[in-house]
There are 2 protein chains.
Amino acid sequence: MDKSTKKRATITQVAKHAGVSVGTVSNYLNGTAGVSHDRAARIQQAIDVLDYIPDTLASSLRRKDSTAIHVLTPHLDSAFYTNTISTLMHDAYEAGYTVHISGYEYSSEIERQQLRALESSKPGTSIIIFNGFDDLTEIKRLAKKQIHVIMADRREIPGYTSSVIFDNRRVPFEIICLLKNRNYKRIGLFTEPTKLQNIRERVEGFLEAMKYFGYPDPEKNIYSRPDLSLDKLKNSYLYMMEILESSKREELPDAWLATSDYLAFGMMRAINEKGYSIPEDFAIVGYDNIEISGYVNPRLTTVEQDQKLFGRTLWSVITEYNKTGKYQSIELPQKIKMRGSC
Amino acid sequence: MDKSTKKRATITQVAKHAGVSVGTVSNYLNGTAGVSHDRAARIQQAIDVLDYIPDTLASSLRRKDSTAIHVLTPHLDSAFYTNTISTLMHDAYEAGYTVHISGYEYSSEIERQQLRALESSKPGTSIIIFNGFDDLTEIKRLAKKQIHVIMADRREIPGYTSSVIFDNRRVPFEIICLLKNRNYKRIGLFTEPTKLQNIRERVEGFLEAMKYFGYPDPEKNIYSRPDLSLDKLKNSYLYMMEILESSKREELPDAWLATSDYLAFGMMRAINEKGYSIPEDFAIVGYDNIEISGYVNPRLTTVEQDQKLFGRTLWSVITEYNKTGKYQSIELPQKIKMRGSC
DNA sequence: TTGAAAGCGATACCAA
DNA sequence: TTGGTATCGCTTTCAA
């Protein structure tokens with residue numbers, strides 16, 4: 001379009017303009033070695049005149065260390081992930097790291113493909129994988145290439161990766177205990193498919209707890225459908241409508257646990273539309289405590305997984321590894337956040 | 001850790017192993033030129049044996065075209081952005097493009113810094129900037145370097161960028177008309193700071209429309225606070241609580257427009273907690289129609305900005321430019337989504 | 001401190 | 001089709 005469009009200036013041109021060698025310019029730029037005062041001035045001037053900006057691509061091709069962080073999430077649409085990533089990014093940017101995000105849409109195929117693409121990362125790169133499927137071969141390959149893999153919300157592979165997870169085991173007992181004290185007769189579990197480890201743990205935890213507190217045959221009260229991973233709001237709403245239409249209230253659980261806040265929102269809408277009230281007719285407990293959960297009506301009682309803490313912990317695991325080369329596995333607590341829906 | 005950890009194989013090693021030249025391997029990999037059957041087989045075998053994976057960094061250093069898309073958003077925590085980006089990513093990945101996302105946290109300083117970092121992108125790279133501040137110098141610099149900048153939800157800089165925006169002008173008239181027909185006496189505008197163009201347009205649009213329909217002094221009913229950009233839910237809730245506590249209901253607007261759904265949620269919580277009901281005491285209209293808006297109680301009446309359409313349109317602008325080198329400016333419609341809050 | 005020169009891992013061109 | 005080689009923009013020895 002524009003005749004005046006010039007190609008980007010290179011370090012060579014800067015050197016020429018300043019009358020020094022490229023090595024000196026490089027030293028000046030990176031502080032690798034001292035540069036005399038007058039040369040420094042000439043170089044800086046050349047940079048300004050030529051409007052020079054270093055090519056990060058070429059730079060990191062030659063450089064050995066990597067300040068890139070790649071984040072892989074099941075899906076970008078979930079506030080639980082984006083909030084966590086937001087805090088991580090904040091810390092990372094301040095330290096001069098670059099953060100790249102992608103989503104694999106709950107597809108093991110896309111996950112594998114993305115993981116393979118990341119194999120060409122430099123040693124020292126950090127890769128955060130949220131949840132993820134059971135096939136560990138790709139992850140191990142990555143680890144063998146000296147790439148630091150951090151399992152987020154998922155247990156580490158000992159000797160291969162770091163991890164930051166939430167303790168999914170304790171809270172179910174507290175919740176069931178609470179529900180029992182409030183005299184709820186039947187407890188339903190509303191859950192997405194258990195292909196991901198964290199969901200599996202939650203389901204197992206609840207089943208154990210229900211048995212422990214004397215609820216018979218808890219497995220019979222599991223409500224799940226394959227389409228509940230994606231489009232959680234819509235699909236949980238539709239599913240709950242079906243449930244409410246095909247059964248009488250007395251036959252249904254009077255308290256429900258959902259394995260995600262989004263699932264809970266879908267259920268709540270269905271319950272409202274059918275003219276029931278929460279928590280009088282049905283009590284609801286969610287999972288994650290995304291921010292919006294405190295703003296719906298009634299406000300959602302849920303299991304808090306502190307996303308700011310999560311993000312900061314991930315960052316600390318990364319910096320620690322970059323300093324010492326050691327993997328870390330950290331377990332974060334979950335808390336019950338009591339609000340109006342139960 | 002592991003003694004067996006080898007350095008990554010390079011194209012040279014593959015060539016050596018297969019007994020061909022690097023050029024031929026490159027041709028085989030990229031289909032740049034035909035490769036004879038037996039050599040192809042030998043190369044593929046070498047690749048398998050050596051576990052070779054091309055270095056994308058080195059590749060794009062040398063290559064002229066770029067398949068990278070960078071997305072810059074005000075903040076990652078807003079579903080409006082993430083939903084749009086999700087659809088874009090879906091299309092982009094299928095075409096072999098890589099998508100990189102970052103957020104500037106509603107800070108013009110961080111925005112500038114990120115934009116500068118992107119200056120080292122190759123010509124042909126696409127950069128999508130959502131909203132953004134008024135300083136156009138960085139963007140123009142980018143454009144001069146043959147980088148394709150797409151202004152998202154913001155008007156193009158003619159001759160410099162493409163753009164995809166929503167028509168913020170028509171819908172306010174429809175809404176005010178509707179409100180007037182329903183006999184609302186006073187209309188309040190609840191808005192974040194107008195530093196971003198889209199918000200400014202919405203505010204101006206509403207003011208015009210209110211005047212047009214005979215509401216006197218609409219400026220007097222603007223409720224805004226600087227902290228409403230960040231932490232929208234919390235801050236709008238706190239602000240609305242203050243408003244409700246410091247005035248009698250009769251003195252306040254009986255219908256409210258919010259410039260974002262998140263703002264509306266915060267208001268709704270405050271209204272509920274003060275014992276008022278929606279829409280009887282106060283009617284609420286939001287903006288964006290993020291998915292959750294259809295699931296709160298009451299369901300939020302809002303201005304739909306179709307995020308799937310938005311994402312797909314952005315993608316089409318990118319592919320079109322890469323084919324023809326032409327900038328495009330596309331305007332998308334907004335629609336009123338009638339639900340229960342008004 | 002400084003400059004010259006040797007790579008990093010790939011692609012692109014040219015001659016064969 | 002092939003192979004050889006210059007090159008992309010930068011960092012990193014190494015000798016001066």
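Each chain gets a letter, A, B and so on, in the order its sequence line appears, and its residues count up from 1.
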Taking OP1 and OP2 of dT11(D), is either one under 4.0 Å from a side-chain nitrogen or oxygen of Ser59(A)?
-> yes
Examine the base of dG9(D) for any acceptor or donor lying under 3.5 Å from a partner atom in the side chain of Arg62(A), and report the outcome as yes or no.
-> no
Which parts of residues 29-45 of chain B get close to DNA chain C, meaning a heavy atom less than 4.0 angstrom away?
-> Asn30(B)
When rounded to whole Å, the CG to C1' distance for the pair Asn27(A) and dT1(C) reads 9 Å
Geometric class of the Tyr106(A)/His75(A) ring pair [parallel <30°, tilted 30-60°, perpendicular >60°] | parallel
From the list Thr10(B), Val14(B), Thr12(B), side chain to side chain contact (heavy atoms under 4.5 Å, CB included) partner of Val22(B) resolves to Thr12(B)
Modelled atom types, side-chain donor and acceptor of Tyr81(B) and Asn131(B), under 3.5 Å | yes
Salt bridge present between Asp51(A) and Arg141(B) (N-O < 4.0 angstrom) | yes
Describe the nucleic acid contact of Ser26(A) in one word from base, sugar-phosphate, nothing, applying a heavy-atom distance below 4.0 Å.
-> base
Consider the side chain of Ala58(B), meaning its heavy atoms from C-beta on, and name the nucleotide among dT2(D), dG9(C), dT11(D) that approaches it most closely.
-> dG9(C)
Tell me what Tyr52(A) touches on the nucleic acid: a base, only sugar-phosphate, or nothing, going by heavy atoms under 4.0 Å.
-> sugar-phosphate
Nearest to side-chain heavy atoms of Leu61(A), which nucleotide of dG9(C), dT2(D), dT11(C) | dG9(C)
